[in-house]
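Okay, so here's the structure we're looking at.
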Amino acid sequence: MNTILPVTLNDDASKLILLDQTELPAIEKFLEIDTREDLYEAIKKLRVRGAPAIGVAAAYGLLVCMKKETYASIAEMQKDFSALKSYLASSRPTAVNLFWALNRMEVRFVSECEKKASSPESILKGLLEESLSIFTEDQAMSMAIGKHGLALFEKHMGIMTHCNAGGLATTGYGTALAPIYLGYELGYDFKVYSNESRPLLQGSRLTAYELNKAGIDVTILCDSMASLVMKQGKIDAVIVGADRIAANGDTANKIGTSGVAILAKEYGIPFYVAAPTSTFDLKTAIGDDIEIEVRDGEEVINGFGRRTGPEGVKVYNPAFDVTASKYITAIITERGIIFHPDRESVSNHLKNK
Ligand code: MRU
């Protein structure tokens, strides 16, 4: 299956290439980025979005921005690395893969600096290798999640998803959509119901776009339709991605996800979360401790060029919510499946490589 690659590097690794997801589904436009300001803006404005894709973009972007500079000494390079890392880390607060990728690049940076014959060139070479590993591991992660996840689905299921956790949110088959793509390749005839995911409509602009393009049966729902459609018996399972998973399995994902999980429990429908182990944040004990990004209210009342609320009115626009682990039937990672996630099962899963 050919999914669209939302994040890549150009041939000489001097530019980060991003599919501008704010233009989808109307236009497939690619951006060439080589400045820290443009990278920050692209993450902040969701030109690149979805936790794993943000991580890959940050790693590649950090490399590209550093390659552009001329450093007189390694000390100067170290100073700039710290400044650049802090700047990029301040672009979005919730998706932990951003911090995970930046920290991984930092570990590599420090180890390259400590090598005897290190030079700006050798350090950049190390950063290139590390970012390429993050990219290829992301692709492998997607495939492994798809394989583990598919075991939970049967051939003719109706599946609900929320937001976009597909190819556009990773560099492979996605997380939540990976089992769907793999099943489709094996002849499963899933019917996917994609909640549009107000206010930025990742469910209709992105999920429906990529599934439709792949030939998979997908129906868009307004978020408010989830209960009715579940009651009508159209949904056999729900699967979503994650932006951060606390040590006890509580999961932050796109605003609206927790409501879908509570409804699924009420209707006796399994609710699955699919995410790589890099999305777990063991330093965060419980979901309530996860920082929730609050975005500009204009996205709610003046989205996509149409004013739908009075100017100057108060708007509250949290971008994520937290689903308590008691509503999650299982979390699927690249290592396998955590049934009934809680502190103990999460910890055991992450210990097992
Ligand atoms: O604000 P976004 O579009 O970055 O939010 C993305 C989501 O909530 C996804 O469901 C999540 O990152 C999982 S992506 C594989």
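In what follows, residues are counted from 1 in the order of the sequence shown. Whatever order the structure lists ligands and atoms in, that order sets their numbers, starting from 1. Atoms considered below: every heavy atom in the structure, side chains included; atoms not considered: hydrogens, waters and symmetry mates.
Applying the ring-ring contact (aromatic ring centres under 6.0 Å, His included) test between Tyr181 and each of Tyr173, Tyr188, Phe190 identifies Tyr173 as the sole match. When each of Arg49, Gln21, Gln202 is paired with Asn164, the side chain to side chain donor-acceptor pair (under 3.5 Å) condition holds for Arg49 and for no other.
Near ligand 1, residues Leu46, Arg49, Gly50, Ala51, Pro52, Arg92, Cys163, Asn164, Ala165, Ala169, Thr175, Gln202, Gly241, Ala242, Asp243, Asn253, Lys254, Phe320 each place a heavy atom inside the 4.0 Å sphere around the ligand atoms.
When all heavy atoms of Ala169 and Pro52 are compared, the closest pair comes out as O-CD, 3.4 Å.
Less than 6.0 angstrom separates the ring centroid of Tyr40 from the ring centroid of Tyr87.
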Yes or no on side-chain contact (heavy atoms from CB on, under 4.5 Å) for Ile159 and Ile235, after CA distance, side-chain angles and deciding distance?
CA-CA 5 Å; Ile159 302 172; Ile235 308 299; over 6 Å; no
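Here the side chains of Thr251 and Thr279 are not in contact, with every heavy-atom distance at 4.5 Å or above.
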